[in-house]
Every structure is written in structure tokens, then in C-alpha cells.
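Below is one structure, written out as C-alpha cells, with a few remarks after it.
Because only heavy atoms are used, hydrogens play no part in the values below, and waters and symmetry mates are left out as well, while side chains stay in. Residue numbers begin at 1 in each chain, while the letters A, B, ... track the order of the sequences. Quick caveat, the model's predicted, so the values are computed rather than measured.
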There are 2 protein chains.
Amino acid sequence: MDVSIGGAARASGVKVPTIRYYEQIGLLPVPQRTQANRRLYAPQELRRLRFIRHARELGFEVEAIRTLLALQDRPDHSCEEADRLAREHLEQVERRIASLSALRRELMHMVEGCSHGRVAQCRVIETLDDHSLCAHHGESE
Amino acid sequence: MDVSIGGAARASGVKVPTIRYYEQIGLLPVPQRTQANRRLYAPQELRRLRFIRHARELGFEVEAIRTLLALQDRPDHSCEEADRLAREHLEQVERRIASLSALRRELMHMVEGCSHGRVAQCRVIETLDDHSLCAHHGESE
DNA sequence: CTTGCTCCTCTAGTCACTAGAGGATGTATC
DNA sequence: GATACATCCTCTAGTGACTAGAGGAGCAAG
């Protein structure tokens with residue numbers, strides 16, 4: 001039923017040292033140990049790990065995840081906080097998408113413009129050199 | 001004509017300690033100094049700084065910028081390398097946009113689904129808990 | 001019994017900055 | 001000329017979220 005840290009890594013997609021790191025910073029509870037001092041993870045911890053991994057993939061910071069996990073542990077509590085975190089995060093994500101889309105246009109411009117000739121004519125360099133050619137003026141991240 | 005490090009910071013949008021850091025890692029050449037040992041930047045260095053800033057904003061890593069700067073210094077050389085860097089970066093950016101768009105859908109789903117009730121029914125938590133609800137399977141960054 | 005894998009702890013490194021200490025210099029005002 | 005304050009200098013250490021490596025112990029298969 002319970003698995004080793006390697007098994008947990010395979011089951012969750014989180015690397016072994018990262019699992020230990022999460023334990024160290026208190027994102028994961030201190031796990032059971034075998035007699036030989038090896039970590040043992042129960043299904044519940046694996047779920048927690050997957051939760052963390054998913055949230056990290058979605059770009060939530062560790063501190064936000066800490067809050068989400070604390071919320072998760074109190075299912076009767078109002079989800080106001082989780083909602084707020086998700087909303088804030090959504091805004092951030094939308095800003096990032098806008099910024100990356102501008103960048104994408106610019107990069108496409110660059111590689112289209114590159115005539116595979118000499119550097120002097122290459123838009124990749126030119127575009128980076130002259131911000132005024134850039135698609136996202138006055139934008140900040 | 002030449003400006004102090006503070007002036008360079010204002011002109012380029014790169015912070016003073018960051019300029020010194022760039023010098024330290026060899027991204028900027030060692031600048032001239034006044035008699036009182038203060039750095040002096042000529043227009044050329046300011047251009048270089050803006051180039052770096054722009055490239056960093058666009059998400060290029062310092063090592064990539066180092067390469068781009070080296071290329072820029074040899075305008076007669078083929079721009080193959082710059083082209084390759086830009087293409088690679090474009091791919092990365094497109095993956096990131098796709099990933100963030102999926103995330104955006106998911107987060108919108110989350111906050112829409114949130115009935116402002118108990119955590120137990122909150123999609124924000126639920127969605128993070130169950131990767132199968134997630135919009136971007138099998139995607140990797 | 002040996003080989004090879006996984007596990008343990010611990011420290012240090014990564015990237016791209018950022019912050020702070022402690023001191024020198026430059027500029028503006030009284 | 002004195003004083004105040006901004007700006008500059010160097011240097012060290014801290015950040016977030018890991019990642020790598022040293023040095024050693026345990027375990028299962030052949």
C-alpha cells in the first residue's frame with residue numbers, strides 16, 4: 001500500500017530530491033519511516049504530492065500552495081480565500097499571456113524577416129536592438 | 001555625452017545594481033571611469049544595455065543574450081545562429097502560451113465554478129486535486 | 001558474497017538578480 | 001565654508017525553487 005520515495009516520485013511525477021525538499025520546507029508532512037529509516041508514503045500523501053505538482057505546473061507559487069493546502073485541510077471552511085487566490089492568479093496569467101503573445105508576434109516577425117544572410121540584415125538582432133519595432137510598448141510584467 | 005551609472009539606469013530601464021551585475025558576469029564591457037572611480041557609459045553601452053533589457057524582457061536567458069551580443073559584434077557573420085536561437089525561443093514561447101491558455105481556461109472554470117460555499121465543493125481545490133479535470137494532459141514544459 | 005540499485009543526510013551550486021553594510025564623492029542650500 | 005542629501009563605490013549575503021554531488025547504509029538478485 002505504502003510506497004518508497006522513489007515510488008512516490010514515479011506516482012506523482014515529482015522528483016525524489018524535490019519531494020525531500022518539499023518536506024524540508026514543510027509543504028509535505030514528515031512521513032512515516034521504515035525500520036531502515038526510509039520514507040514511506042501513503043495514498044493520501046501521494047494525492048497531496050499530485051496536488052502540489054499540478055498547482056506548481058499551473059504556476060502557483062509555493063506560498064500560495066501552502067495556503068491552498070491549509071484550506072483543503074478544512075473542508076467546512078468557506079472557500080473565499082481559495083477563490084481569491086485563483087482570481088489573482090488568473091489575472092497574472094492573463095497578463096502573462098498578453099505579454100507572451102506580443103513576444104510571439106515579435107519573434108515570428110524576426111524569423112520571417114531573417115533572410116538567412118548576414119547578421120547585419122537579420123531582424124532577430126535588429127528587433128532586439130530597437131525597442132520601437134517591438135509590439136509591446138509600455139507594457140510591463 | 002557619457003553618463004553615470006544612475007543615468008544609464010534611467011536611460012535603459014535596467015537598475016543600477018543589475019548594471020553592475022551585468023558587468024560582473026561579463027555581459028557588459030568594463031566601462032571607463034572618472035577620476036573619482038565612477039563608471040561612465042557612452043551611447044554605445046546604453047544601446048547594449050537596452051538590447052539586453054529587451055532580450056531579457058522577451059525571456060531570453062543571459063547565455064542566449066551573450067551569444068546574440070557576440071553575433072552582433074560580427075555583422076559579417078551568417079545569422080544562422082541568431083535565427084536558430086529565435087526559432088527555438090519562438091517554440092518555447094508558443095508552448096508556454098498554449099500551456100497558459102489551458103491554465104487560463106482552467107482557472108476561469110475554477111472561479112466560475114466556485115459557489116462561494118464550502119471548500120469541499122470548491123472547484124479551485126477540486127480541480128487542483130484531480131489532474132484528470134485538467135485541460136492540458138500530457139503536456140510538458 | 002558481490003553487484004548494483006535505491007535510499008539516507010548534508011552541503012553547496014544554479015539563475016538572475018536584490019538587499020544591505022559601510023564608506024567616499026558630488027551637488028545644492030544656508 | 002558647513003551641512004544635508006543623493007549618488008556612487010565595493011563587498012557579502014539572501015531570494016525562490018529547486019538540482020547536484022559527496023559519502024555512506026540497506027536490500028534484492030544472481
Under 3.5 Å, is there a donor-acceptor pair between the side chain of B:R56 and the main chain of B:F60? yes

Give every residue pair that meets the salt bridge (Lys or Arg N to Asp or Glu O under 4.0 Å) criterion with at least one member in residues 25-46 of chain B, sequence neighbours excluded. B:E23-B:R39

Here the distance between atom C1' of D:dT15 and atom NZ of B:K15, to the nearest Å, is 13 Å

Residue met sooner reading DNA chain C from 5', once B:E63 and A:I5 are mapped to nucleotides: A:I5

Kindly state each residue pair satisfying side chain to side chain donor-acceptor pair (under 3.5 Å) with at least one member in residues 60-70 of chain A, sequence neighbours excluded. A:E63-A:R66

Below 3.5 Å between N/O atoms, which protein atoms pair up with nucleotides 23-27 of chain D? Just atom names and distances, please.
none

Show me the side-chain donor-acceptor pairs of residues 4-20 of chain B shorter than 3.5 Å, one per line, residues at least two apart or across chains.
residue, atom, partner, partner atom, Å
B:S4, OG, B:G6, N, 3.4
B:S4, OG, B:G7, N, 3.2
B:S12, OG, B:A8, O, 2.8
B:S12, OG, B:V14, N, 3.1

Output the residues of residues 17-32 of chain A in contact with DNA chain D, where contact means a heavy atom of the residue under 4.0 Å from an atom of the strand; sort by number or write none. A:T18, A:Y21, A:Y22

Earliest and latest nucleotide of DNA chain C, 5' to 3', sitting under 4.0 Å from a non-hydrogen atom of chain B? C:dA16 to C:dG26

Just so I know, are the side chains of A:R48 and A:Y22 near enough to count as touching, which here means a heavy-atom distance under 4.5 Å? no

Co-membership, hydrophobic cluster, residues A:V30 and A:F51, 4.5 Å side-chain: no

How would you list, by chain and number, every residue that makes a side chain to side chain donor-acceptor pair (under 3.5 Å) with B:E91, sequence neighbours excluded? none

Determine whether A:M108 and A:I97 fall in the same hydrophobic cluster, where Ile, Leu, Val, Met, Phe, Trp and Tyr are linked whenever their side-chain heavy atoms lie under 4.5 Å apart. yes

For A:D2 versus A:P43, what's the shortest heavy-atom pair and its separation? OD1-CD, 4.0 Å

Do A:V62 and A:L68 belong together in a cluster built from hydrophobic side chains that touch within less than 4.5 Å? yes

What is the distance from CZ of B:R39 to P of D:dC8, rounded to the nearest Å? 10 Å

Closest-nucleotide mapping onto DNA chain D: is B:R33 or B:R10 further toward the 5' terminus? I mean the 5' end. B:R10

